Participant: 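Let me begin by handing over the structure; questions about it come next.
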There are 2 protein chains.
Amino acid sequence: MGVIDRKEREKVEMKRQILDAARSLFLEQGFEKTSIRNIAEVIEYSAGTIYLYFKDKNEILFALHVEAFSVLMQAMQAGIMGETDPFERLISLGKYYLKYAFENPELYDLMFVMTAPMESLECREEIWCDGERAFETLKLVVGDCMKAGYFEEAENETISVMMWSLVHGLATLHLRRRTMIFPVVKRIKLMEDAYGQFIEILKTYKK
Amino acid sequence: MGVIDRKEREKVEMKRQILDAARSLFLEQGFEKTSIRNIAEVIEYSAGTIYLYFKDKNEILFALHVEAFSVLMQAMQAGIMGETDPFERLISLGKYYLKYAFENPELYDLMFVMTAPMESLECREEIWCDGERAFETLKLVVGDCMKAGYFEEAENETISVMMWSLVHGLATLHLRRRTMIFPVVKRIKLMEDAYGQFIEILKTYKK
DNA sequence: TGCTTTTCTGAACACTGTTCATTATATATG
DNA sequence: CATATATAATGAACAGTGTTCAGAAAAGCA
């Protein structure tokens with residue numbers, strides 16, 4: 001039966017259309033301010049049709065969430081591949097993470113700040129596996145640094161959480177407009193400088 | 001005319017009632033899920049009445065915002081007052097900041113994560129003055145540390161942004177449920193350990 | 001008391017996410 | 001090809017949202 005194959009393809013294609021429309025609207029005007037009817041209008045279907053492909057609005061968000069993570073993971077891999085020294089890799093990993101956050105602000109928001117996708121999935125531990133995989137990548141790099149003599153008397157997980165928090169803090173302070181107190185042209189530079197300063201301090205810790 | 005004095009008092013009292021009801025509802029079920037009608041129901045007035053005291057829903061949020069900051073400022077002052085050595089003050093400041101965030105998760109969210117209060121005020125630079133004051137406090141303490149020989153060849157603002165990002169990152173990763181990947185009982189401890197680790201590293205940087 | 005000003009209400013508007021009976025289309029069978 | 005069946009799409013309906021505003025109620029003043 002080639003028919004059901006085609007139907008399957010059409011279903012996938014329709015999901016794609018919905019996701020593309022939803023992403024563009026979410027990124028443009030935010031999740032809350034985008035209505036199902038808005039999405040339906042873009043793809044030229046009625047609002048009810050959306051519900052034949054996605055259970056609810058949150059499920060659309062979650063699908064975009066998964067996609068966004070795969071892009072972040074690629075960015076992080078790029079950060080790792082560019083360097084051979086473990087510590088340089090860690091530095092580069094953070095840089096690429098920040099770069100991703102600043103270049104994809106709404107997607108970063110969706111992955112690491114929004115509460116909706118976390119609550120839509122009933123908060124089971126294994127759910128946020130995309131996030132976990134990204135964190136495992138960080139831990140791997142930190143582990144290599146430790147083997148190379150860095151952070152000797154520290155715990156891998158503690159160091160990793162510290163690193164993650166630092167870059168996540170930089171990203172979210174900016175994305176959520178709390179850097180308004182700084183001149184507009186200096187904002188991103190200040191965030192990057194702070195990261196650079198952190199790295200400087202980390203280096204002296206090697207001993 | 002004692003009458004208009006009383007009327008003024010009644011107006012203030014009414015605003016108080018609305019804010020108290022709104023805070024309790026916001027903290028309980030979140031900003032988005034709380035409706036003006038919900039608030040009106042609690043204070044036993046019609047929904048329209050709310051609009052005689054606040055321009056819109058965002059203005060209620062902003063009023064709570066101001067209150068929450070005054071509490072944070074007190075917490076930070078407490079952190080400073082407890083220590084005399086500048087570096088110990090900095091450590092303590094961060095601890096009290098984190099403590100505030102973990103003990104008042106929804107208020108912290110409102111102050112440092114939510115976008116609504118930032119956008120309700122048209123993004124003018126001078127608007128987020130409460131946040132600026134808190135940051136100035138941090139810069140003051142960092143300045144004292146520098147005078148005492150810490151962070152010698154660094155810039156005050158850079159160091160301050162780094163400190164702020166670190167604690168803010170720790171706070172928000174937890175508040176926005178991204179620590180789901182860790183066992184529930186270890187989550188807060190992990191955040192505190194990461195902060196402790198950061199302080200350890202900072203100490204070695206003194207030199 | 002009447003008159004004015006202030007305060008409050010509740011209906012209305014245009015919107016939201018979501019459901020579901022009805023209709024239209026596409027596939028499979030006789 | 002015609003008919004029966006399965007699938008897909010619709011659009012009205014529901015209960016909710018923030019917000020506005022004409023009119024009712026209450027309070028202040030003469």
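In what follows, chains are A, B, ... by sequence order, proteins preceding strands, each numbered from 1. Since the structure is predicted, the reported quantities are computational estimates derived from the model, not experimental observations.
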Participant: State which of C:dT16, D:dA8, C:dT9 makes the closest approach to the side chain of A:L52.
Facilitator: D:dA8
Participant: Distance check needed: C:dT7 P versus B:I4 CD1, whole Å only.
Facilitator: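 So the CD1-P distance, B:I4 to C:dT7, works out to 12 Å.
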Participant: Where the side chain of A:K57 is defined as all heavy atoms beyond and including C-beta, which of D:dT10, D:dG18, C:dT18 is the nearest nucleotide?
Facilitator: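 Ranking D:dT10, D:dG18, C:dT18 by closest atom to the A:K57 side chain puts C:dT18 first.
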Participant: Separation of A:E59 atom CD from C:dT19 atom P, in whole Å?
Facilitator: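 Whole-Å distance recorded here is 12 Å.
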Participant: Consider the side chain of B:R37, meaning its heavy atoms from C-beta on, and name the nucleotide among C:dG17, C:dT6, D:dT17 that approaches it most closely.
Facilitator: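 Per side-chain heavy atoms of B:R37, the pick is D:dT17.
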Participant: Report yes if the side chains of A:Y195 and B:M162 come closer than 4.5 Å at any heavy-atom pair, otherwise no.
Facilitator: no
Participant: Within residues 41-50 of chain A, which residues have any heavy atom lying less than 4.0 Å from an atom of DNA chain D?
Facilitator: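 Hits under 4.0 Å, by residue number: A:Y45, A:S46, A:G48, A:T49.
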Participant: What is the nucleic acid contact for A:Y53, judged by heavy atoms within less than 4.0 Å: base, sugar-phosphate only, or nothing?
Facilitator: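 Contact class for A:Y53: sugar-phosphate only.
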Participant: Of B:E10 and B:E32, whose closest DNA chain D nucleotide lies nearer the 5' terminus?
Facilitator: B:E32
Participant: Give the rounded distance in Å between these two atoms: CD1 of A:I18 and P of C:dG17.
Facilitator: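 Answer to the nearest Å: 14 Å.
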Participant: Between which residue ranges does DNA chain C form stems of three or more consecutive Watson-Crick or G-U wobble pairs, both distances under 3.5 Å?
Facilitator: C:2-30 with D:1-29
Participant: Once you measure the plane-to-plane angle for B:F87 and B:Y150, does it fall in the parallel (<30°), tilted (30-60°) or perpendicular (>60°) bin?
Facilitator: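 Correct class here is parallel.
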Participant: Is the gap between the ring centers of A:F69 and A:F112 under 6.0 Å?
Facilitator: yes
Participant: Round to a whole Å and report the spacing from CG of B:D5 to P of D:dA27.
Facilitator: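 Checked: the CG to P distance equals 19 Å.
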Participant: On the nucleotide C:dT9, are OP1 or OP2 found under 4.0 Å from the side-chain N or O atoms that B:Y51 carries?
Facilitator: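 False: B:Y51 side-chain N/O out of range (4.0 Å or more) of C:dT9 OP1/OP2.
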Participant: Fit a plane to each ring of A:H65 and A:F62, take the angle between them on a 0 to 90° scale, and name the class: parallel (under 30°), tilted (30 to 60°) or perpendicular (over 60°).
Facilitator: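 Aromatic pair A:H65/A:F62 classed parallel.
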Participant: So, do B:Y100 and B:L107 sit near enough that their side-chain heavy atoms are less than 4.5 Å apart?
Facilitator: yes
Participant: How close or far is atom C1' of D:dT7 from atom CE of A:M14, stated in whole angstroms?
Facilitator: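 Value for this atom pair: 13 Å.
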Participant: Let me know the distance between CD1 of A:I36 and P of D:dA9, rounded to the nearest Å.
Facilitator: 16 Å
Participant: Please give, in whole Å, the distance from D:dG28 C1' to B:R6 CZ?
Facilitator: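 Computing the B:R6:CZ to D:dG28:C1' distance gives 9 Å.
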Participant: Examine the side chains of B:E83 and B:S92 and answer whether a donor and an acceptor come within less than 3.5 Å of each other.
Facilitator: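 There is no such pair (donor and acceptor under 3.5 Å, judged by atom type) between the side chains of B:E83 and B:S92.
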Participant: Can we call the ring centroids of B:F135 and A:F182 under 6.0 Å apart?
Facilitator: yes
Participant: Is the shortest side-chain N to carboxylate O distance from A:K203 to A:E200 below 4.0 Å?
Facilitator: yes
Participant: Under a plain distance cut-off of 3.5 Å, with no hydrogens placed, do A:Y108 and A:Y97 share a side-chain donor-acceptor pair?
Facilitator: yes
Participant: What's the NZ-C1' distance between B:K33 and D:dG18, to the nearest Å?
Facilitator: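 In whole Å, D:dG18 C1' and B:K33 NZ are 18 Å from each other.
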